[in-house]
Peer 1: 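Dumping the structure here so I can ask a few things about it.
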Amino acid sequence: AQSVTQPDIHITVSEGASLELRCNYSYGATPYLFWYVQSPGQGLQLLLKYFSGDTLVQGIKGFEAEFKRSQSSFNLRKPSVHWSDAAEYFCAVGEYGGATNKLIFGTGTLLAVQP
Amino acid sequence: ETGVTQSPTHLIKTRGQQVTLRCSSQSGHNTVSWYQQALGQGPQFIFQYYREEENGRGNFPPRFSGLQFPNYSSELNVNALELDDSALYLCASSWDTGELFFGEGSRLTVL
């Protein structure tokens, strides 16, 4: 069965420091991969997605992610974190079948930013 | 702002009651999905509706049911509420199998 693992439940970084959030997936075919961000009390906002092509994907808010098939990973990175980046981050794999598209999410990584 | 609106934003029910949650899709979208997000967990797929018919379902019991209306808005109904149904319920709309746009959710507390 398809699954997504986010090994880090909670990460704290200092403002201005670099960030990498880990994501590993299990999927039989070429995966469609996503990163979402959720601020407290809010819904999910799409940061970036990978369907095919260039394995380094640029997203909104200065985030990027790299798809590594050999490692079954899709880690999210940002070179310099801002206090407003504090939120929960979810990695997801898309499962498409017929007319159905659904997302399988990891359990999330909660990011805290220290001043 | 995604254009997906959900109501109510918060509600409290007691065990055994029934609840209806509502979702208004983004303009032009014909597909609605519902997800359950328990505290400290990632969202889990409940089901999806396409052109008023359920076309995909996750591992949820039949007491979770839904409707999609001709204007593509949707309802999620949960009967015989259990304590474990306490969660944030997220609605997402899309055009066919395109990108999902999520609402801000309805937080259900079951006492």
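Sequence lines set the chain letters: A, B, ... in the order given, protein chains first and strands last, and positions in each chain run from 1.
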Peer 1: For the residue pair A:S73 and A:N75, confirm or rule out a side-chain donor-acceptor distance under 3.5 Å.
Peer 2: no

Peer 1: Please tell me whether B:T20 and B:N77 have a donor and an acceptor in their side chains that are separated by less than 3.5 angstrom.
Peer 2: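 Side chains of B:T20 and B:N77: pair found under 3.5 Å.
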
Peer 1: Select one option (side chain, backbone, both, neither) describing which atoms of A:L46 are under 4.5 Å from chain B's heavy atoms.
Peer 2: side chain

Peer 1: Check the pair B:L11 / B:T109 against side-chain contact (heavy atoms from CB on, under 4.5 Å), numbers first and verdict last.
Peer 2: CA-CA 6 Å; B:L11 69 166; B:T109 301; over 6 Å; no

Peer 1: Above 12 or not: heavy atoms from other molecules or residues under 6.0 Å from CG of B:N59?
Peer 2: no

Peer 1: May I ask you to decide if the ring planes of A:F74 and A:Y50 are parallel, tilted or perpendicular, using 30° and 60° as cut-offs?
Peer 2: tilted

Peer 1: Are B:Y89 and B:Q36 linked by a side-chain donor-acceptor pair shorter than 3.5 Å?
Peer 2: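 Yes.
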
Peer 1: Answer with yes or no whether the side chains of B:W95 and B:T31 bring together a donor and an acceptor at under 3.5 Å.
Peer 2: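 There is no such pair (donor and acceptor under 3.5 Å, judged by atom type) between the side chains of B:T31 and B:W95.
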
Peer 1: Looking only at heavy atoms and a cut-off of under 4.5 Å, which of A:Q38, A:Q6, A:K49, A:E95 has the most pairs with chain B?
Peer 2: A:Q38

Peer 1: For a ring pair (Phe, Tyr, Trp, His ring centres under 6.0 Å) check, start with the C-alpha distance between A:F51 and A:F34, then their side-chain angles and the critical distance, and finish with the verdict.
Peer 2: CA-CA 9 Å; A:F51 281 8; A:F34 305 80; 5.7 Å; yes

Peer 1: Can you tell me which of A:F90, A:F105, A:Y36 forms the most heavy-atom pairs within a distance under 4.5 Å of chain B?
Peer 2: A:F105

Peer 1: Taking heavy atoms only and a threshold strictly under 4.5 Å, list by residue number the residues of residues 39-47 of chain B that touch chain A; give 'none' if the list is empty.
Peer 2: B:G40, B:Q41, B:G42, B:P43, B:F45

Peer 1: Does any heavy atom of chain A fall under 4.5 Å from the side chain of B:Q6, the backbone, both, or neither of them?
Peer 2: neither

Peer 1: Please state whether the side chain, the backbone, both or neither of B:F101 comes within less than 4.5 Å of a heavy atom of chain A.
Peer 2: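 Neither part; nothing is under 4.5 Å.
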
Peer 1: For B:L88, which atoms come within 4.5 Å of any heavy atom of chain A: side chain, backbone, both, or neither?
Peer 2: side chain

Peer 1: For A:N24, give me all partners under side chain to side chain donor-acceptor pair (under 3.5 Å), at least two apart in sequence or on another chain.
Peer 2: none

Peer 1: Where does B:T9 contact chain A at under 4.5 Å (heavy atoms): side chain, backbone, both or neither?
Peer 2: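 Looking at B:T9, nothing touches chain A.
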
Peer 1: Heavy-atom cut-off 4.5 Å, strictly under: side chain, backbone, both or neither for A:Q45 against chain B?
Peer 2: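 For A:Q45, no heavy atom lies under 4.5 Å from chain B.
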
Peer 1: Could you look at A:Y32 and say if it's the side chain, the backbone, both or neither that has a heavy atom under 4.5 Å from chain B?
Peer 2: neither

Peer 1: Would you check if the side chain of B:Y49 reaches a backbone N or O of B:G66 as a donor-acceptor pair within less than 3.5 Å?
Peer 2: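 Checked: pair present.
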
